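Please read the structure below before turning to the comments.
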Amino acid sequence: MPLDVDQTLSDDALMVMFANGDPSAARELTSRHLSTVLAVARRMMWSDAEAEDVAQEAMMRLWKTAGAWRPGEAKVTTWLYRVTRNLCIDRLRQRQTVGLDAVAEPLDETPSVQSMMEQSGRVNALYDALNQLPERQRDAVVLRHIEGLGNPEIAEVLEISVDAVESLTARGKRALKALLVDKKMELGWS
């Protein structure tokens with residue numbers, strides 16, 4: 001049985017260890033990053049099953065990349081965000097070619113408690129508003145304000161400048177605020 005890996009090791013060190021045949025390094029990287037990759041995929045896909053498929057594919061691509069990984073060039077987290085985002089975009093584009101009748105109606109697993117319904121309505125309003133933003137603005141806002149990434153990391157994920165990230169985030173927040181104010185008035189929320 002392999003020994004547990006030192007949890008203080010950097011992601012780069014773990015990638016090198018995995019490339020050299022240490023499966024405990026892969027377990028540690030998975031432990032560190034799978035939940036975040038899955039959360040990003042869920043937000044973009046709106047389907048747990050598809051999000052799990054995307055997360056699995058993103059992690060598989062990370063393992064395939066291990067042998068060619070060059071420490072210090074990119075962060076594992078940034079690389080995973082970019083791969084996860086691209087996999088989701090590819091799947092969403094494929095979805096657009098499928099007719100609505102061919103897609104099963106999603107199951108609503110929300111409890112029927114009144115407060116949960118109100119919260120669900122607010123979350124849905126937020127996601128609806130996010131989906132109305134242009135793709136790049138939505139990505140910048142989500143990565144900054146939901147995922148908590150800094151502007152330099154977002155710039156790396158989206159392959160744009162930090163100034164462009166700041167501009168996209170500011171425009172996205174203004175547009176999102178306007179959409180949510182309209183929705184709030186429409187639904188009579190206080």
Side-chain angles (χ1 to χ4, degrees), residues 2 4-5 7 9-100 102-109 123-124 126-128 130-131 133-150 152-160 165 168:
D4 287 329
V5 69
Q7 294 180 351
L9 290 173
S10 70
D11 289 346
D12 282 342
L14 291 170
M15 288 293 285
V16 171
M17 289 171 62
F18 178 72
N20 290 324
D22 186 345
S24 63
R27 284 193 294 277
E28 178 61 25
L29 280 166
T30 301
S31 173
R32 288 181 188 182
H33 302 297
L34 182 60
S35 62
T36 302
V37 168
L38 193 52
V40 169
R42 279 188 179 127
R43 269 190 216 77
M44 289 185 74
M45 300 305 300
W46 286 54
S47 162
D48 286 345
E50 281 191 280
E52 289 170 8
D53 289 346
V54 166
Q56 182 178 12
E57 178 65 23
M59 295 308 290
M60 292 301 295
R61 288 188 182 190
L62 181 65
W63 308 143
K64 289 177 185 174
T65 303
W69 188 261
R70 290 180 279 190
E73 280 193 19
K75 288 183 176 181
V76 169
T77 53
T78 304
W79 188 92
L80 277 169
Y81 274 117
R82 185 178 308 135
V83 168
T84 302
R85 179 181 169 276
N86 290 342
L87 287 168
C88 288
I89 288 170
D90 289 346
R91 282 180 176 250
L92 290 169
R93 285 181 182 147
Q94 289 173 353
R95 255 194 216 169
Q96 291 174 354
T97 62
V98 177
L100 288 178
V103 178
E105 186 69 29
L107 296 176
D108 183 9
E109 298 175 8
V123 169
N124 287 339
L126 173 63
Y127 283 124
D128 288 344
L130 281 169
N131 283 331
L133 296 178
E135 182 179 318
R136 304 286 276 181
Q137 286 180 17
R138 179 180 58 245
D139 290 344
V141 169
V142 167
L143 290 171
R144 179 71 183 106
H145 296 287
I146 295 177
E147 293 303 323
L149 293 182
E153 287 178 304
I154 297 169
E156 198 171 326
V157 169
L158 298 179
E159 299 176 318
I160 59 176
V165 169
L168 284 171

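No experiment lies behind these values; they were computed from the predicted model shown.
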Fill in: Verdict with reasoning, R138 to N131, per side chain to side chain contact (heavy atoms under 4.5 Å, CB included)
CA-CA 7 Å; R138 179 180 58 245; N131 283 331; 3.9 Å; yes
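Contact check for L168 versus I160: side-chain heavy atoms found under the 4.5 Å cut-off. In this structure, the side chains of T77 and T36 stay at 4.5 Å or more apart for every pair of heavy atoms. Taking 4.5 Å as the limit, every side-chain heavy atom of E28 sits out of range of all side-chain heavy atoms of M17. No side-chain heavy atom of V165 sits less than 4.5 Å from a side-chain heavy atom of L143. Proximity of D11 to W79: side-chain heavy atoms (C-beta onward) are nowhere separated by under 4.5 Å. Proximity of I89 to E135: side-chain heavy atoms (C-beta onward) are separated by under 4.5 Å at one or more points. Considering only heavy atoms from C-beta on, L14 comes within 4.5 Å of R32 through its side chain. Two residues are said to be in side-chain contact when any heavy atoms from C-beta on lie closer than 4.5 Å; E147 and Y81 meet this criterion.
Across every non-hydrogen atom of M15 and T65, the tightest pair is CE-C, 4.4 Å. Here the closest non-hydrogen pair linking M44 and L92 is O-CD1, 3.7 Å. Smallest separation of non-hydrogen atoms from R144 and L149: NH1-O, 3.1 Å. In this structure, V16 and P71 approach most closely via the heavy-atom pair CG2-CG, 3.9 Å. What you find for C88 and A41 is that their closest heavy atoms are SG-CA, 3.7 Å. Here the closest non-hydrogen pair linking L130 and I146 is CD1-CD1, 4.0 Å.
With values rounded to the nearest 0.5 angstrom, L38 atom CG is found 7.5 Å from D48 atom CG. Between D139 atom CG and Q137 atom CD the span is 10.5 Å, to the nearest 0.5 Å. With rounding to the nearest 0.5 angstrom, the CZ atom of R42 is 9.5 Å from the OG atom of S35.
Legend: residues meeting side-chain contact (heavy atoms from CB on, under 4.5 Å) with S31, ordered by chain and number and at least two apart, are absent. The side-chain contact (heavy atoms from CB on, under 4.5 Å) check on E156 picks up A74, T78, R82, with sequence neighbours excluded.
Of the possible donor and acceptor atoms, none in the side chain of R91 sits under 3.5 Å from a partner among the backbone N and O of L87.
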Under 3.5 Å, which donor-acceptor pairs do the side chains of residues 56-64 form with other protein atoms, sequence neighbours left out?
{"from": "E57", "atom 1": "OE2", "to": "R61", "atom 2": "NE", "distance (Å)": "2.9"}
{"from": "W63", "atom 1": "NE1", "to": "M59", "atom 2": "O", "distance (Å)": "3.4"}

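For an aromatic pair to be called close, the ring centres must be under 6.0 Å apart, and Y127 with W46 satisfies this.
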